[in-house]
Amino acid sequence: MTTAYLNRIATAVPEHDVHNAFVVFAEQMLAEPRLRSVFRRMAGRADIASRYSFLDPRKGSLNDANEFYRLGNFPSTARRMELFEQSAPVLMRRAVDRLALNEKERSGITHVLVTCCTGLYAPGLDFEIVDHLGLSSGVERTMVGFMGCYAAINALKLARHIVRSDPRAGVLMLNLELCTLHFQETQELEQVLSFLVFADGAAASLISAREQGFALDSFKALMVPGTSGLITWKIRDLGFDMLLSGQVPGELGRALHESELMAEREDIDLWAVHPGGRSILDAVEMSLELPTDTLAASREVLSCFGNMSSATVMFVLQRIMQQALPGQHGCAMAFGPGLTAETMRFHAV
């Protein structure tokens, strides 16, 4: 059976660092002084230094960013999708161009996969990629939509199926999210804290039968019973409405501790864990009893970029790929609605 390989990864973010501006804005949004104090304390513990957005935080506040977020007048879903349609192709081109496809690789692309849960329009990003790269009109296009942070793992699973069924296939995968489109005006502290970690970003990857990068060995989903309400993502009049429960780290940790990974972890050299937040990484590390530096790449991505939903695990894999030694075995995992952990086993070649 043909082996599929993740040959290489390129990443991109918008130019505006909005983390500090968001912290100021969110604190102002909370009316109760006690909640402001708790938020300020939690923001200091988030282990995030930078998060990037296509919104320009002029004067250090999100209030002035394209007049997009204004207290008492947050944007409609239509307005948010207008900005997605304007901004997503710009970020897509930046990521795809950094992949630096040569002429042979470009002509060999037979499939385009796109993951996104923060915006949609048609003809969409799949068509934008075909046009930007001048690909054949016969390229097969697939959108993996609204799956949240673990969508990249599912798209890699699909890419593996494609290459194993046709060794001549070349798959271009784009994971793009504009999470900063969907902040909500609220006095619920848990919801404001969930906004604290999210950011914009994109990753472009090439998957083929060429023996380069990471061999995609196997995939497995771990669904946690009775937790379907802990992460939800629904389209409403004022954007996409997220619920991210504070119970997620604990439930995830318990499920991982009871999973096959506990017995297999000694055979895993490389861990590419989606940094959904500091508490998520702490829960994975503790439940699997991993050494403290095991998740260094994930913590670095969290600090430098925050949580970019489906693109984030690819940022982690990119860092690990740059340092991996031939023969090392790895496990990538990302988490999302379900509650589900999507995992991928791989090895470096």
Distance-only, no hydrogens or angles: does the [X] side chain make a donor-acceptor pair with backbone N or O of [Y] under 3.5 Å?
{"X": "Arg265", "Y": "Leu288", "answer": "yes"}
{"X": "Thr294", "Y": "Pro291", "answer": "yes"}
{"X": "Ser37", "Y": "Arg34", "answer": "no"}
{"X": "Glu190", "Y": "Gly246", "answer": "yes"}
{"X": "Arg98", "Y": "Thr11", "answer": "yes"}
{"X": "His182", "Y": "Gly239", "answer": "no"}
{"X": "Thr110", "Y": "Ala169", "answer": "no"}
{"X": "Arg51", "Y": "Phe198", "answer": "yes"}

Residues forming a side chain to side chain contact (heavy atoms under 4.5 Å, CB included) with [X], sequence neighbours excluded:
{"X": "Glu103", "result": "none"}
{"X": "Ser165", "result": "none"}
{"X": "Glu140", "result": "His111"}

Val349: hydrophobic cluster co-members (side-chain, 4.5 Å):
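For the cluster that includes Val349, the remaining residues are Tyr5.
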From Leu120 atom CG to Cys117 atom SG, the distance as rounded to the nearest 0.5 Å
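So the CG of Leu120 and the SG of Cys117 are separated by 10.5 Å.
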Roughly how far, to the nearest 0.5 Å, is the CG atom of Leu99 from the OG atom of Ser205?
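Reported to 0.5 Å precision, the distance equals 7.0 Å.
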Between Arg8 and Glu105, is there a side-chain N and carboxylate O pair less than 4.0 Å apart?
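Judged by the 4.0 Å cut-off on N to carboxylate O distance, Arg8 and Glu105 do form a salt bridge.
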Only pairs under 3.5 Å count here: list side-chain donor-acceptor contacts from residues 211-225, not counting sequence neighbours, and write none if there are none.
| unit_1 | atom_1 | unit_2 | atom_2 | d |
| --- | --- | --- | --- | --- |
| Gln212 | OE1 | Arg210 | NH1 | 2.2 |
| Asp217 | OD1 | His347 | ND1 | 3.0 |
| Asp217 | OD2 | His347 | N | 3.3 |
| Asp217 | OD2 | His347 | ND1 | 2.9 |
| Lys220 | NZ | Glu260 | OE1 | 3.1 |
| Lys220 | NZ | Glu260 | OE2 | 2.7 |

Which heavy atom of [X] sits nearest to which heavy atom of [Y], and what is that distance?
{"X": "Met81", "Y": "Leu181", "answer": "CE-CD1, 4.4 Å"}
{"X": "Phe22", "Y": "Val192", "answer": "CZ-O, 4.2 Å"}
{"X": "Thr343", "Y": "Met333", "answer": "CG2-CB, 3.9 Å"}
{"X": "Ile320", "Y": "Ala297", "answer": "CG1-CB, 3.9 Å"}

Kindly indicate, with the supporting measurements, whether the criterion ring pair (Phe, Tyr, Trp, His ring centres under 6.0 Å) is fulfilled by Phe305 and Phe315.
CA-CA 9 Å; Phe305 303 105; Phe315 277 64; 5.1 Å; yes
Go through the steps to decide whether Glu251 and Thr227 satisfy the test side-chain hydrogen bond (donor to acceptor under 3.5 Å, both in side chains), and finish with yes or no.
CA-CA 8 Å; Glu251 292 291 346; Thr227 61; over 6 Å; no
How about His16 and Asp200: does a side-chain donor come under 3.5 Å of a side-chain acceptor?
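No donor-acceptor contact under 3.5 Å links the two side chains.
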Applying ring pair (Phe, Tyr, Trp, His ring centres under 6.0 Å) as the test, list every pair that has at least one member in residues 30-49; sequence neighbours left out.
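Checked against ring pair (Phe, Tyr, Trp, His ring centres under 6.0 Å) - neighbours excluded - no pair reaches residues 30-49.
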With side-chain hydrogen bond (donor to acceptor under 3.5 Å, both in side chains) as the test, would you mind laying out the steps for Gln191 and Asp241 before giving the verdict?
CA-CA 10 Å; Gln191 191 172 20; Asp241 196 4; 3.1 Å; yes
I'd like to check the ring pair (Phe, Tyr, Trp, His ring centres under 6.0 Å) partners of Phe84; sequence neighbours left out, ordered by chain and number.
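For Phe84 there are no ring pair (Phe, Tyr, Trp, His ring centres under 6.0 Å) partners, ignoring immediate neighbours.
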Indicate every side-chain donor-acceptor pair of residues 266-280 with a distance under 3.5 Å to a residue at least two apart or in another chain.
| unit_1 | atom_1 | unit_2 | atom_2 | d |
| --- | --- | --- | --- | --- |
| Asp269 | OD2 | His329 | N | 2.9 |
| Arg278 | NH1 | Arg45 | O | 3.0 |

Give a yes or no on whether the ring-centroid distance for Tyr69 and Phe183 is below 6.0 angstrom.
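Distance test on ring centres: under 6.0 Å, yes.
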When you measure from the centre of the six-membered ring of Phe68, is the NZ or CZ of Arg79 under 6.0 Å away and within 45° of the axis?
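Geometry flag: not set, cation outside 6.0 Å or 45°.
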Among Val316, Leu295, Leu281, Thr312, the one residue meeting side chain to side chain contact (heavy atoms under 4.5 Å, CB included) with Leu302:
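The passing option is Leu281.
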Show every salt bridge (charged side-chain N to carboxylate O under 4.0 Å, His left out) that has at least one partner inside [range], sequence neighbours left out.
{"range": "residues 168-184", "answer": "Asp166-Arg168"}
{"range": "residues 335-349", "answer": "Lys157-Glu342, Glu264-Arg345"}
{"range": "residues 295-317", "answer": "Asp282-Arg299, Glu285-Arg299, Glu300-Arg319"}

For residues 85-92, dump all side-chain donor-acceptor pairs below 3.5 Å to protein atoms at least two apart in sequence or in another chain.
| unit_1 | atom_1 | unit_2 | atom_2 | d |
| --- | --- | --- | --- | --- |
| Ser87 | OG | Leu83 | O | 3.0 |

Leu178 side chain near Arg80 side chain, heavy-atom distance below 4.5 Å:
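They are not in contact (no side-chain heavy atoms under 4.5 Å apart), so the answer is no.
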I'd like to check Val114 versus Leu176 (side-chain heavy atoms, cut-off strictly below 4.5 Å). Are they in contact?
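Val114 does not reach Leu176 side chain to side chain.
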